[in-house]
Amino acid sequence: MNGIWYYVIAFLIIWTIAIVFKDKLTDYGVEVNFPLLMWKTKRLRGFIDRLANKAPRFWKWYMNVGIVISTGFMILMAVALVYSLKTLMDAPTVSLIVPGVEVPGSPIFIPLLSGLIALATVLIVHEFSHGILARVEKISLKSIGLLLFAILPGAFVEPDEDELNELARPAKMRIYVAGSMANLTLAAIALIVMLVVSSFVIPVVFEEDGVMISRLTEDGNAINYLSEGMIIKEINNVTVNDSASYQKAITTLKPNETVNIKTDQGDYSFQLKSNPMNKSLGFMGIQAKSHSVVADGFDNQFFTPLLWILMPLDEILYWIFFLNFAIGTFNLLPMKPLDGGHLFENLLSYIMPEAAYKPIVTFMSFFMGIIIVVSLVVGLVGVPA
């Protein structure tokens, strides 16, 4: 089933329950104001206080470094977004990424389960870090909770705005960068662990035995001939026995030519399309992954079934890295209401009066927003002929 239907079903169930039991849910901190559904609680404030009080000097030092790192990413992301205008019509840089859903115009597909797990880590570490730094700076937390905007999930920590506005600029900036710094830190940890697992553990425990089709995209012709789970043996008479030989074979494909593929379930031929990310390359519409078997010495042992946990673990670690890095850096764009917009505003306040920097922040927010919206529209509906 297309992943979008899971979201539709969840949307219908959640909102039906929320609307029918609206009055009763209010007693449990749930606010129903379609399209916004919020659950607020004060129970986790003690936990955040304990984390903040364990090492307040460390948190301040860490986020002082974070201001520098976040400023660098803010500039880098702004430049990259503006530079993306150059390739906007051929390959939009900004695209939606929804776990389990093939989004038109997006070259990235995130598996449903591992994607949702990774997304949960993004929300948890981001919001908890904002809360920890708020408490380090002695800012009261009104509530903590979860939200649903129509069908889009989120989390929040609600600091006292009046107290926040009274803080000195360095303290404000530490709070603003805390969420993205937590995401970048978790991304780095996940990347290191993933590299250890994929580079040192998996190659010892498993051996490559060809390449398996993990997914067929709707914008390629392969979906009309091949099936997920097939093992690819040859592409245009070129033997495919591992990921490297598969990558080498697909780089020779040209648009509109006929490709011949030999699999463990038969031989197939079909015409190629143009690769959405590179018009000079042929495009089958196949996402493949290494097909592995347990290596000699590890096979037929009592612990052998447990070894297969390594594969999904490696995948989850990758998506934890990817989503935390992607969302953490996106959040640093110099546009409000993103944290990067608040950081940008506070940095400008050091060198110019409010009457000068306010219009600059407003312009940057509008300019960045226009680029993002146009990129999303071009990716979703394409470029008019």
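As the structure is a prediction and not an experimental result, all values here were calculated from the model.
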A.B. asks: Looking at Glu315 and Ser114, would you say the former's side chain and the latter's main chain have a donor-acceptor pair under 3.5 Å?
C.D. replies: no

A.B. asks: Do Ser214 and Gln287 have side-chain atoms, one donor and one acceptor, less than 3.5 Å apart?
C.D. replies: no

A.B. asks: Quick one: which of Ile370, Val377, Leu376 gives a side chain to side chain contact (heavy atoms under 4.5 Å, CB included) with Val374?
C.D. replies: Ile370

A.B. asks: Hey, could you give me the OG1/CE distance between Thr362 and Met335, rounded to the nearest 0.5 Å?
C.D. replies: 12.0 Å

A.B. asks: Nearest 0.5 Å, what's the CD-CG distance between Glu31 and Leu147?
C.D. replies: 11.0 Å

A.B. asks: Assigning hydrophobic clusters by single linkage (Ile, Leu, Val, Met, Phe, Trp, Tyr; side-chain heavy-atom cutoff under 4.5 Å), is Tyr318 placed with Phe206?
C.D. replies: yes

A.B. asks: With a 3.5 Å cut-off and sequence neighbours excluded, list the donor-acceptor pairs that the side chains of residues 195-203 form with protein atoms.
C.D. replies:
from	atom 1	to	atom 2	distance (Å)
Ser198	OG	Met194	O	2.8
Ser199	OG	Leu195	O	3.0

A.B. asks: Please confirm whether the backbone N or O of Asn256 pairs with a side-chain atom of Gln271, one donor and one acceptor, at under 3.5 Å?
C.D. replies: yes

A.B. asks: Run Tyr225 and Tyr268 through ring-ring contact (aromatic ring centres under 6.0 Å, His included) and show every step you take.
C.D. replies: CA-CA 7 Å; Tyr225 299 87; Tyr268 303 87; 7.6 Å; no

A.B. asks: Look at the side chain of Asn236 and the backbone N and O of Asn260, then say whether any donor-acceptor pair between them is shorter than 3.5 Å.
C.D. replies: yes

A.B. asks: What is the distance from atom CD1 of Ile320 to atom CZ of Phe325, rounded to the nearest 0.5 Å?
C.D. replies: 16.0 Å

A.B. asks: Could you tell me whether Glu228 and Arg215 make a salt bridge, using a distance below 4.0 angstrom between a side-chain N and a carboxylate O?
C.D. replies: no

A.B. asks: Using the side chain to side chain contact (heavy atoms under 4.5 Å, CB included) rule, take Met230 and Asp264 through it: C-alpha gap first, then chi angles, then the decisive distance, then the call.
C.D. replies: CA-CA 6 Å; Met230 286 182 173; Asp264 63 333; 4.0 Å; yes

A.B. asks: Minimum heavy-atom separation for Ser140 to Glu163, with atom names?
C.D. replies: N-OE1, 2.8 Å

A.B. asks: With a cut-off of 6.0 Å (strictly less than), are more than 12 heavy atoms of other residues, nucleotides or ligands near CZ of Phe58?
C.D. replies: yes

A.B. asks: For the hydrophobic clusters of this structure (ILVMFWY residues joined by side-chain heavy atoms under 4.5 Å, transitively), does one cluster hold both Ile261 and Ile231?
C.D. replies: no

A.B. asks: Look at the side chain of Asn324 and the backbone N and O of Leu186, then say whether any donor-acceptor pair between them is shorter than 3.5 Å.
C.D. replies: no

A.B. asks: With no hydrogens and no angle check, is any side-chain donor or acceptor of Thr121 less than 3.5 Å from a backbone partner on Ala118?
C.D. replies: yes

A.B. asks: Apply side chain to side chain contact (heavy atoms under 4.5 Å, CB included) to residues Leu133 and Trp59 and explain how you reach the verdict.
C.D. replies: CA-CA 7 Å; Leu133 264 295; Trp59 289 119; 4.2 Å; yes

A.B. asks: Heavy-atom count check: over 12 atoms from other residues, nucleotides or ligands less than 6.0 Å from Asn224 CG?
C.D. replies: yes

A.B. asks: Got more than 12 heavy atoms from elsewhere within 6.0 Å of NZ, Lys138?
C.D. replies: no

A.B. asks: Taking all non-hydrogen atoms of both residues, which atom of Ile48 and which atom of Ile132 are closest, and how far apart?
C.D. replies: CG2-N, 3.7 Å

A.B. asks: Just grab all the side chain to side chain donor-acceptor pair (under 3.5 Å) pairs involving residues 327-336, residues at least two apart or on different chains.
C.D. replies: Ser180-Asn331, Asn331-Asp339, Lys336-Glu345

A.B. asks: Given side chain to side chain contact (heavy atoms under 4.5 Å, CB included), test Ser70 with Leu343 step by step and report yes or no.
C.D. replies: CA-CA 9 Å; Ser70 297; Leu343 174 63; 3.9 Å; yes

A.B. asks: Under the criterion side chain to side chain contact (heavy atoms under 4.5 Å, CB included), I'd like the reasoning laid out for Lys142 against Lys40: C-alpha separation, chi angles, the key distance, then a yes or no.
C.D. replies: CA-CA 9 Å; Lys142 292 182 178 180; Lys40 296 182 178 182; over 6 Å; no

A.B. asks: Which residue pairs pass the salt bridge (Lys or Arg N to Asp or Glu O under 4.0 Å) test with at least one member in residues 235-256, sequence neighbours excluded?
C.D. replies: none

A.B. asks: Between CG of Asn346 and CZ of Arg174, what distance do you get to the nearest 0.5 Å?
C.D. replies: 11.5 Å

A.B. asks: Return the CG to CD1 distance between Leu333 and Ile372, rounded to the nearest 0.5 Å.
C.D. replies: 5.5 Å

A.B. asks: Mind checking whether Glu137 and Leu167 have side chains closer than 4.5 Å, heavy atoms only?
C.D. replies: yes

A.B. asks: Measure from the side-chain N and O atoms of Arg45 to the backbone N and O of Leu141, and report whether any donor-acceptor pair falls under 3.5 Å.
C.D. replies: yes

A.B. asks: Side-chain contact, heavy-atom cut-off 4.5 Å: Asn221 with Phe283?
C.D. replies: no

A.B. asks: Could you check if a side-chain atom of Ile371 sits within less than 4.5 angstrom of a side-chain atom of Ser84, using non-hydrogen atoms only?
C.D. replies: yes

A.B. asks: Salt bridge or not between Asp267 and Lys262? Use side-chain N to carboxylate O under 4.0 Å.
C.D. replies: no

A.B. asks: Any side-chain heavy atom of Ile286 within less than 4.5 Å of one from Ile250?
C.D. replies: no

A.B. asks: Measure the shortest side-chain to side-chain distance between Met311 and Ser292 over non-hydrogen atoms and say whether it is less than 4.5 angstrom.
C.D. replies: yes

A.B. asks: Are Met181 and Leu76 in one and the same hydrophobic cluster, where Ile, Leu, Val, Met, Phe, Trp and Tyr link if side-chain heavy atoms are under 4.5 Å apart?
C.D. replies: yes

A.B. asks: Do Ile192 and Trp319 belong to the same hydrophobic cluster, where Ile, Leu, Val, Met, Phe, Trp and Tyr are linked whenever their side-chain heavy atoms lie under 4.5 Å apart, directly or via other members?
C.D. replies: no

A.B. asks: Output yes when a side-chain donor or acceptor of Thr263 lies under 3.5 Å from a complementary backbone atom of Gln265, and no otherwise.
C.D. replies: yes

A.B. asks: Does CZ in Phe21 sit with more than 12 non-hydrogen atoms of other residues, nucleotides or ligands closer than 6.0 Å?
C.D. replies: no

A.B. asks: Determine the minimum heavy-atom distance between Ala190 and Phe321, stating which atoms define it.
C.D. replies: CB-N, 3.9 Å

A.B. asks: Would you check if Val30 and Thr26 make a side-chain contact, meaning some heavy-atom pair closer than 4.5 Å?
C.D. replies: no

A.B. asks: Can a donor-acceptor pair be found, under 3.5 Å and without considering hydrogens, that links the side chain of His130 to the backbone of Ile175?
C.D. replies: yes

A.B. asks: Do Tyr176 and Ile67 come within less than 4.5 Å of each other through their side chains, counting heavy atoms only?
C.D. replies: no

A.B. asks: Are Leu12 and Trp15 connected, step by step, through hydrophobic side chains (Ile, Leu, Val, Met, Phe, Trp, Tyr) whose heavy atoms are closer than 4.5 Å?
C.D. replies: yes

A.B. asks: Is the side chain of Asp314 donor-acceptor paired with the backbone N or O of Leu310 at a distance under 3.5 Å, no angle test?
C.D. replies: no

A.B. asks: Between Trp39 and Tyr28 (side chain of the first, backbone of the second, donor and acceptor by atom type, cut-off under 3.5 Å), is there such a pair?
C.D. replies: yes

A.B. asks: Which atom pair, heavy atoms only, marks the closest approach of Met74 to Gly340?
C.D. replies: SD-O, 3.6 Å

A.B. asks: Nearest 0.5 Å, what's the CZ-OG1 distance between Phe11 and Thr16?
C.D. replies: 8.5 Å

A.B. asks: Taking all non-hydrogen atoms of both residues into account, name the closest pair between Ser143 and Phe156 and its distance.
C.D. replies: OG-CE1, 3.8 Å

A.B. asks: Is any side-chain heavy atom of Lys60 closer than 4.5 Å to one of Val136?
C.D. replies: yes

A.B. asks: On a heavy-atom basis, which atom in Leu272 and which in Leu253 lie closest, and how many Å separate them?
C.D. replies: CD1-CB, 3.6 Å

